[in-house]
Amino acid sequence: MPYKPNYFYRLLSILFFVFILFGCGNTKSIKSQNLAESKIWVGTWSTAPQLVEPHNNPPKPGLTNNTIRQVVRVSIGGDNLRLLLSNEFSKSPITIKNIQVATSTGSSTIDASTINKLTFNNNPEVTINAGEAITTDVFSFNLKPRMDLAITIYFGETSTDVTGHPGSRTTSYILTGNQTASNDFKDAVKTDHWYVINGIDVLSTKSTSAVAIIGNSITDGRGSGTNKQNRWPDILSERLLKNTSTKNISVLNMGIGGNCVLNGGLGPTALNRFERDVLKQHGVRWLIILEGVNDLGGTRDSDSANQVAKGLIAAYDKMINEAHAKNIKVYGATILPITKSFYYKDYREVARNTVNDWIRNSGKFDAVIDFDMTMRNPEEPSTLLPVIHSGDYLHPNEAGYIMMGESINLKLFE
């Protein structure tokens, strides 16, 4: 009799064939999925958003139905990016009709061969509602470390109150109408502020991470050179990138000029913006806190200065605990000298020393960056060195920011 295979074995054969066909056929997609899962988003550039003060609003012709080109200098590079835009502090929606990025070649010019038009859910146009922020679709771009990236936006309707970052220390360029096809904005109206742009993330390996710095005008760079990108966080970023052990670390400058930790000042207080500007940034592994001098500078007498000092200590402690809960190491930076500045009062100096003593000796911080010690005049320890401030004995000059950036021990980030 001829051999008749058992139906059970036939079924096994069929199942085995199906496994080989579909299992092996999906190997590539499985590998791609695993590769995607091994990547993380890390911020390469960010700026702290706020309601722009009226005198810092866009100059005529304004943003509505016009084009602005804004330049930012990133820290780490990457091949896949996404851009964050914010309308958080405006009372009306804004419409973006066209947005593109390209390599800046200096001033308002770009390398046209690098232009990449961005989309939102595959649409070139988007409306950002009041109080909201939005992220572009992921796009490919050959972003190099410390590259100057030009972001060109053609707006439709915009809000009379603008979300942005006044202390950009970087020139932006405005032209009337849709000028996104123009490589050179040479006839543009210039303004040294950023509007709407908020952050750039890169898709990178898990060995890549970021340092977030929360601070006031000294971190924001008052006294640094316009378009020179030489704030102390910039100096730190350049050093990290040049060091083999830290070349995959970005720096996110979340300083706001005039900012306070507790109450008052410009922009949301450090406590109120801490979650957005630090905890929700992508890839943050370290945090540096350098803030509090504006709080002390607003005190009226010794009692209020003492209360503010206590409040600052409690605020630092709160930020440390919240950051530690996210596995972020926190480094405390001491408040720079204020004697001879417009902030000086004897009771404010006492309060500053109280705060600095706590930063140095409480043991709450994972490490201390002692800018007070670095920047003081050895002959008058309560004042800044004469050659490193910008004339007001409060804000460093370009040489001072280099000194600050170079004083930081890079082993803190290894």
* What class does the angle between the rings of Phe342 and His395 fall in, given that below 30° is parallel, 30 to 60° is tilted and above 60° is perpendicular? -> tilted

* To do: Could you tell me how the ring of Phe139 sits relative to the ring of Phe141: parallel (under 30°), tilted (30 to 60°) or perpendicular (over 60°)?
  => perpendicular

* Please confirm whether Arg82 makes a cation-pi placement over Trp41, using NZ or CZ under 6.0 Å from the six-membered ring centre and within 45° of the ring normal. => yes

* Arg348 side chain near Ile338 side chain, heavy-atom distance below 4.5 Å -> yes

* Output, in order, the C-alpha distance, side-chain angles, deciding distance and verdict of side chain to side chain donor-acceptor pair (under 3.5 Å) for Ser108 and Asp184. => CA-CA 6 Å; Ser108 68; Asp184 189 351; 3.0 Å; yes

* Asked: Do Thr299 and Ser304 meet the criterion of a side-chain donor-acceptor pair at a distance under 3.5 Å?
  -> no

* To do: Could you tell me whether Phe413 and Tyr331 have their ring centroids closer than 6.0 angstrom?
  => yes

* Compute whether any side-chain donor of one residue and acceptor of the other, for Asp220 and His165, lie under 3.5 angstrom apart. => yes

* Tell me whether the guanidinium CZ or amine NZ of Arg231 lies under 6.0 angstrom from the six-membered ring centre of Tyr401 and within 45° of its axis. => no

* Asked: Does Thr246 reach the main-chain N or O of Ile249 with its side chain, forming a donor-acceptor pair under 3.5 Å?
  -> no

* Decide whether Asp192 and Thr226 meet the rule of one side-chain donor and one side-chain acceptor closer than 3.5 Å. => no

* **Note, Asp187 side chain near Tyr173 side chain (heavy atom, < 4.5 Å)** => no

* Asked: Are Thr191 and Ser172 close enough, and set up right, to give a side chain to side chain donor-acceptor pair (under 3.5 Å), and what steps lead you there?
  -> CA-CA 5 Å; Thr191 180; Ser172 300; over 6 Å; no

* Is there a donor-acceptor contact under 3.5 Å linking the side chains of Thr170 and Gln229? -> yes

* **Polar side chain donor-acceptor pair, Thr127 to Thr95, under 3.5 angstrom** => yes

* Asked: Under 3.5 Å, is there a donor-acceptor pair between the side chain of Asn183 and the main chain of Thr109?
  -> no

* Test log, rule side chain to side chain donor-acceptor pair (under 3.5 Å), inputs His193 and Asn57 -> CA-CA 8 Å; His193 310 297; Asn57 276 343; over 6 Å; no

